*Asks:* 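I have a structure here, written as structure tokens, and I will follow up with some questions on it.
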2 protein chains.
Amino acid sequence: MATESTTQKKYRSPDGLPTDICLFTITTEPRRDTKNKALPDLTLKVLLIQRDPKSDRFPGYWAFPGGFSTEHETIDACAERELREETHLSPEAVHIEQLRTYYAPGRDPGGWIPTVVYYALVNESRLSGFKADDDAADARLFSVEEAMGMQLAFDHNLILQDALQRVQEKMLQTNIAKEFLPREFTLSELLKVIETVVPSFQADRSNFGKKLVSTQARKGIIEIATDAHGREKYSNSTSQTKAKLYRFTDYVPPLTIY
Amino acid sequence: MATESTTQKKYRSPDGLPTDICLFTITTEPRRDTKNKALPDLTLKVLLIQRDPKSDRFPGYWAFPGGFSTEHETIDACAERELREETHLSPEAVHIEQLRTYYAPGRDPGGWIPTVVYYALVNESRLSGFKADDDAADARLFSVEEAMGMQLAFDHNLILQDALQRVQEKMLQTNIAKEFLPREFTLSELLKVIETVVPSFQADRSNFGKKLVSTQARKGIIEIATDAHGREKYSNSTSQTKAKLYRFTDYVPPLTIY
DNA sequence: GAAATAGTGTCTCTCAGACAGTATCGA
DNA sequence: TCGATACTGTCTGAGAGACACTATTTC
């Protein structure tokens, strides 16, 4: 590239460089199999937008939100801008990270259009405004399971797979679970979130608590929530029994196979 | 994007979409502090190319190899092609993965030119041909330490930092150490490679062996190398004592903080 | 014999995972 | 009282990390 790039004009250029955003959230639904106070059912969902039925490319198909980047913004800023435009969410409320860039001949019949894909995680509660606004519109949350069974526009099925896999990895290896939880949460809520994103993750609830709170290697990932007077805080909103509240710290332990 | 992309023509397009490749290798040098047979000194190196002194952008600066992608290849294929062109390495001999895409206004004075960056890992022995070819040319291996102290072209200092961090993560969490080792290696060699890439990783050699070979969670990452008759293989090329040879399997244990 | 590495053995403290059992509170 | 969750306790086998020790080969 060192030399070629000075003579760039002889190269054709892409017809645009959009960002697409794979936004995940977890929705809660009261359990239907019991009338007692109980942990709600959680579902991992992904935001899709229905394309214009009059479009010449994938009309009426569902696709990730996104849009073209410009010369005057960083590629990250473009993704944040698109996210804001589609969901009215401020970037501080959302965890957004670049996944990777996709291009293969023919991925977009409209021409040479790669896409820089981001994944975003957001708490259901922050989406409430958006949902009210656009309830009848062309934007909807689908369960990931359902979305994977649909035929999405472009190569978005492949992208969804990759994004899900990345989120599952990150869920187990970092503290991004906090993006799906209130600032203070119970251990059962945390465990439910993890299991919702990574169904294969199974843990004994009582050992889970001990491990996370008192184990040498993990100590400090979460801490007990306290009020202004230093007293421990409790919640009984998701169970009949009051449960200790915890919050995440910034500490993430190093992981190694060696 | 769903609707906008049908009207793409009103958007300006990037002036090109190159890939850049951050290629790492580990070079070995016999130790100078001893005359006995001993483990060689290892250094993590990165391949840089000196830009044309007559270029109008960063003339004479050192930069990652790379080049413009075309409409008719996947973005991964472009990276592999560039790697091959610059190093005469076949893609099978190299581990190459996409890092991420960079763009910020002004990153390339030549216009709106984002870059899709890949990192690559290759065994020193595979590079020997390349080194003979281009010894006096504008391509050189620099120690990562040295490269980080240089002023590189474009935003390549930032990219190098990100790439190094990614490689360090992957070194500890996956079996990419195998890219820097012969197919069969001793435990001391493996440990040396890990320490070279991640200097903060320190392990007791004798516990390291036990852990990796016999521990439940790690069993199966490496296996004892055997010859055609099923006999264990030994090497004494890096020490006076003969040492058991091992090889990596495809197994990588799952990692989680929970 | 000294240097350099390979590999074994041992000891202690910690931990993972299984499971039993008690507590709390609402319907 | 039953249902659902919270939390504590106990037990066992496995593991991590420190360190001493022996073996092997070359200079």
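The model shown is predicted, which means the values in this text are computed figures rather than measured ones. Naming: A, B, ... by sequence-line order, numbering from 1 per chain. Excluded from the calculations below are hydrogen atoms, water molecules and symmetry mates; all remaining heavy atoms, backbone and side chain alike, are included.
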*Asks:* With a 4.0 Å heavy-atom cut-off, tell me which residues in residues 243-256 of chain B come close to DNA chain C, sorted by residue number.
*Replies:*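 DNA chain C contact set from residues 243-256 of chain B: B/Ala243, B/Lys244.
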*Asks:* Hey, is CD on B/Glu223 packed in by over 12 heavy atoms from elsewhere, all under 6.0 Å?
*Replies:* yes
*Asks:* Please list, by residue number, the residues of residues 197-226 of chain A whose heavy atoms come closer than 4.0 Å to an atom of DNA chain D; answer none if no residue qualifies.
*Replies:* A/Arg205, A/Ser206, A/Lys210
*Asks:* Distance check needed: C/dA4 C1' versus B/Lys192 NZ, whole Å only.
*Replies:*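 Whole-Å distance recorded here is 11 Å.
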*Asks:* Rounded to the nearest 0.5 Å, what separates atom CD1 in A/Ile96 from atom OH in A/Tyr119?
*Replies:*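 Separation between the atoms: 10.0 Å.
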*Asks:* For the residue pair B/Phe208 and B/Phe201, does the interplanar ring angle fall in the parallel (under 30°), tilted (30 to 60°) or perpendicular (over 60°) class?
*Replies:* perpendicular
*Asks:* With a 6.0 Å cut-off (strictly less than), is the heavy-atom count around CD of B/Glu146, excluding the residue itself, greater than 12?
*Replies:*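 Yes, because the 6.0 Å sphere around CD of B/Glu146 holds more than 12 heavy atoms from other groups.
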*Asks:* So with a 6.0 Å cut-off around CG of A/Asp227, is the heavy-atom count from everything else above 12?
*Replies:* yes
*Asks:* Just checking, A/Arg183 and A/Phe185: is the charged tip under 6.0 Å from the six-membered ring centre and within 45° of the axis?
*Replies:*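 Judged by the rule, A/Arg183 and A/Phe185 form no cation-pi pair.
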*Asks:* Just checking B/Gln202: does its CD atom have more than 12 heavy atoms from other residues, nucleotides or ligands closer to it than 6.0 angstrom?
*Replies:*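 Counting other residues, nucleotides and ligands, CD of B/Gln202 exceeds 12 neighbours.
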*Asks:* Base, sugar-phosphate alone, or nothing: which one does B/Leu39 contact when heavy atoms must sit under 4.0 Å apart?
*Replies:*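 Sugar-phosphate, backbone atoms only, no base.
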*Asks:* Under 6.0 Å from the six-membered ring centre of A/Phe142 and within 45° of its axis: does the NZ or CZ of A/Arg140 meet both?
*Replies:* yes
*Asks:* Return the minimal non-hydrogen interatomic distance between B/Pro40 and B/Thr238, and the atom names on each side.
*Replies:* CD-CG2, 4.5 Å
*Asks:* How does protein reach along nucleotides 21-27 of chain D, written 5' to 3' as B (base within reach of a heavy atom under 4.0 Å), S (only sugar-phosphate), or - (no contact)?
*Replies:* --BBBBS
*Asks:* What I want to check is whether the side chains of A/Thr43 and A/Ser143 have a donor and an acceptor closer together than 3.5 Å.
*Replies:*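 A/Ser143 and A/Thr43 do not have a side-chain donor-acceptor pair below 3.5 Å.
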